[in-house]
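Below is one structure, written out as structure tokens; the observations come after it.
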Amino acid sequence: EAKKIGRNKVFYFTEHLNEKLSRRIALENDLRSALTNQEMFIEFQPQVELSSEKVNAAEALIRWEHKEFGLISPGEFIEIAEKTGDIVKIGQWIIEKCCEYLRTHQDKMKDFTIAINISPYQLNHRNFSKHFDDILKTNGISTNNIEIEITESLMMENMERNINKLEELTSKGIKIAVDDFGTGYSSLSYLLKLPISKIKIDKSFINALEESEESKMIVRTIIDMSHNLGYKVIAEGVETLEQLEFLKNHNCDQIQGYYYSKPIKMQKLLNQYLNE
Ligand code: C2E
Ligand code: MG
Ligand code: MG
Ligand code: MG
């Protein structure tokens with residue numbers, strides 16, 4: 001009897017593993033044609049400037065509607081796209097789409113910023129900076145309308161190389177934000193070498209604000225430090241009024257999160273927040 005159970009366990013385990021593995025393999029294969037099949041789209045999450053209480057920016061977040069598996073989160077497929085190299089093409093498409101939106105709605109979006117997540121694989125691709133430049137020029141977009149987000153942990157890998165790449169972008173006027181700040185264990189001296197203009201406090205700290213004094217202290221310290229270094233600060237993952245009040249009281253510049261709005265389609269963003 002015991003033997004039988006053991007065998008079933010092994011069976012279950014390998015079945016489960018096979019399922020995960022075959023999904024992964026399917027995603028790897030299907031990524032290649034996801035763009036041409038028009039399975040990808042972008043949502044925008046409003047970023048609110050606290051001093052004016054206005055939505056003055058939005059983060060572009062990619063979505064993949066897979067024909068078999070349904071909606072797949074970027075948390076799952078971006079990593080795969082980095083392995084297969086598809087991230088370069090996908091990343092370029094995102095920049096193109098965002099610039100297209102900015103051009104089409106330039107009357108409403110003149111002073112609006114779109115924040116675009118950039119993978120270091122994309123950043124380190126040969127012609128990244130030139131392609132970026134071309135897209136901006138083709139659409140007649142000012143670099144003021146674009147911000148780039150790079151996660152802290154990934155920025156810290158390959159520091160020297162990344163600094164050069166980032167400087168190429170900032171020399172053109174593109175602003176850079178450090179995403180998921182506080183999770184990457186970067187040292188201050190490293191941070192100071194980077195040509196950044198904004199710090200984005202990771203949502204894990206915002207999430208913990210109500211539960212621990214320690215996280216309050218951490219968030220306060222990040223805000224003060226950033227301001228002392230001349231950076232703007234935005235908090236991500238703001239879900240409650242209490243969190244919002246805390247951030248407002250401690251002079252955080254912007255907030256983003258479900259409390260204010262989930263990521264939404266461009267049309268809705270225009271209708272709801274850029275309609276004056
Ligand atoms: P991220 O850049 O840190 O984006 C924030 C994530 O938190 C988004 O998840 C967003 O939908 C989610 N979020 C926003 N507000 C809240 C909130 O109040 N509570 C909670 N719990 N979550 C909130 P999403 O869209 O699933 O993206 C996950 C990650 O995938 C992003 O993290 C980013 O690293 C990556 N990603 C998304 N779009 C792109 C892209 O176009 N290019 C690249 N390279 N990476 C992307
Ligand atoms: Mg981001
Ligand atoms: Mg983030
Ligand atoms: Mg994050």
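Counting convention: from 1, in listed order, for ligands and their atoms alike. Small disclaimer: the values here were computed from a predicted structure and weren't measured.
Of all the heavy atoms of I116, none lies under 4.0 Å from any atom of ligand 1, so neither backbone nor side chain is involved. Residue contacts with ligand 1, taken as heavy atom pairs separated by less than 4.0 Å, involve E59 solely via side-chain atoms from C-beta onward. Counting heavy atoms under 4.0 Å from ligand 1, residue E236 touches it through the side chain alone. Residue contacts with ligand 1, taken as heavy atom pairs separated by less than 4.0 Å, involve L61 via backbone and side-chain atoms alike. Here E43 has no heavy atoms under 4.0 Å from ligand 1, in either its backbone or its side chain. Using a 4.0 Å cut-off between heavy atoms, I78 contacts ligand 1 through its side chain alone, with no backbone atom that close. Contacts of R63 with ligand 1, taken as heavy-atom pairs under 4.0 Å, involve the side chain alone.
Looking only at its N/O/S atoms, D179 has OD1 as the one nearest to the Mg ion (ligand 3). Within D180, the N, O or S atom lying nearest to the Mg ion (ligand 3) carries the name OD1. For the Mg ion (ligand 2), the nearest N, O or S atom contributed by E59 is named OE2.
Checked for salt-bridge contact, R220 and D224 miss the test: no charged N lies under 4.0 Å from a carboxylate O. Salt bridge absent: E100 and R103 never bring a charged side-chain N and a carboxylate O closer than 4.0 Å. By the 4.0 Å N-to-carboxylate-O rule, E28 lies close enough to R24 to be salt-bridged with it. We find that K232 and E147 are not joined by a salt bridge, their nearest charged nitrogen and carboxylate oxygen being 4.0 Å or further apart.
Ligand-side atoms of ligand 1 in range of I94: 40 (C), 41 (O), range being under 4.0 angstrom from any heavy atom. Set against the non-hydrogen atoms of S119, the atoms of ligand 1 under 4.0 Å away are 44 (N). Shown in contact with P263 at under 4.0 Å from a heavy atom are these atoms of ligand 1, numbered in order with element: 11 (O). Residue contact check: D179 has heavy atoms under 4.0 Å from atoms 1 (P), 2 (O), 3 (O) of ligand 1. Counting the atoms of ligand 1 from 1 in the order shown, those under 4.0 Å from a heavy atom of G257 are 15 (N), 18 (O). If you number the atoms of ligand 1 from 1 as listed, the ones under 4.0 Å from a heavy atom of I62 come out as 38 (N), 39 (C), 40 (C), 41 (O). Taking every heavy atom of V238 and a limit of under 4.0 angstrom, the matching atoms of ligand 1 come to 18 (O). Atoms of ligand 1 lying under 4.0 Å from at least one heavy atom of E239, given by number and element, are 17 (C), 18 (O), 19 (N), 20 (C), 21 (N).
Backbone and side-chain nitrogen or oxygen atoms of S73 are examined, and none is located within less than 3.5 angstrom of a nitrogen or oxygen of ligand 1.
Under the side-chain hydrogen bond (donor to acceptor under 3.5 Å, both in side chains) criterion, S215 pairs with S212, not counting sequence neighbours. Looking at residues two or more places apart in sequence or on another chain, you find no side-chain hydrogen bond (donor to acceptor under 3.5 Å, both in side chains) involving K165.
When the heavy-atom distances from atom 6 (C) of ligand 1 to K97, K203, Q122 are ranked, the shortest goes to K203. With atom 15 (N) of ligand 1 as the reference point, the heavy atom nearest to it among E79, E82, Q45, M40 is part of Q45. Taking all heavy atoms of I72, N117, I255 into account, the minimum distance to atom 42 (N) of ligand 1 is reached by N117.
Taking the six-membered ring where tryptophan is involved, the planes of H131 and H125 are essentially parallel, since the angle between them stays under 30° and well short of 60°. Taking the six-membered ring where the residue is Trp, F132 and F128 present perpendicular rings, their angle passing 60° and hence far from 30°.
Side-chain atoms of E59 and Q45 form no donor-acceptor pair, as typed in the model, at a separation below 3.5 Å. With 3.5 Å as the limit, one finds a donor-acceptor pair spanning the side chains of E210 and Q243.
Within a 6.0 Å sphere centred on NZ of K67, other residues, nucleotides and ligands contribute more than 12 heavy atoms. More than 12 heavy-atom neighbours from other residues, nucleotides or ligands sit within 6.0 angstrom of NZ on K108.
L244 is not listed as a side-chain neighbour of Y260, based on a closest heavy-atom distance of 4.5 Å or more.
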Would you check, one step at a time, whether the test salt bridge (charged side-chain N to carboxylate O under 4.0 Å, His left out) holds for K248 with E53? CA-CA 10 Å; K248 213 188 256 177; E53 294 186 12; 3.6 Å; yes
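Note on N117: counted as a metal contact of the Mg ion (ligand 2), an N/O/S atom lying under 2.8 Å. Taking backbone and side chain together, E236 holds an N, O or S atom under 2.8 Å from the Mg ion (ligand 3).
The shell of residues lying under 4.0 angstrom from ligand 1, judged by heavy atoms, excludes G91.
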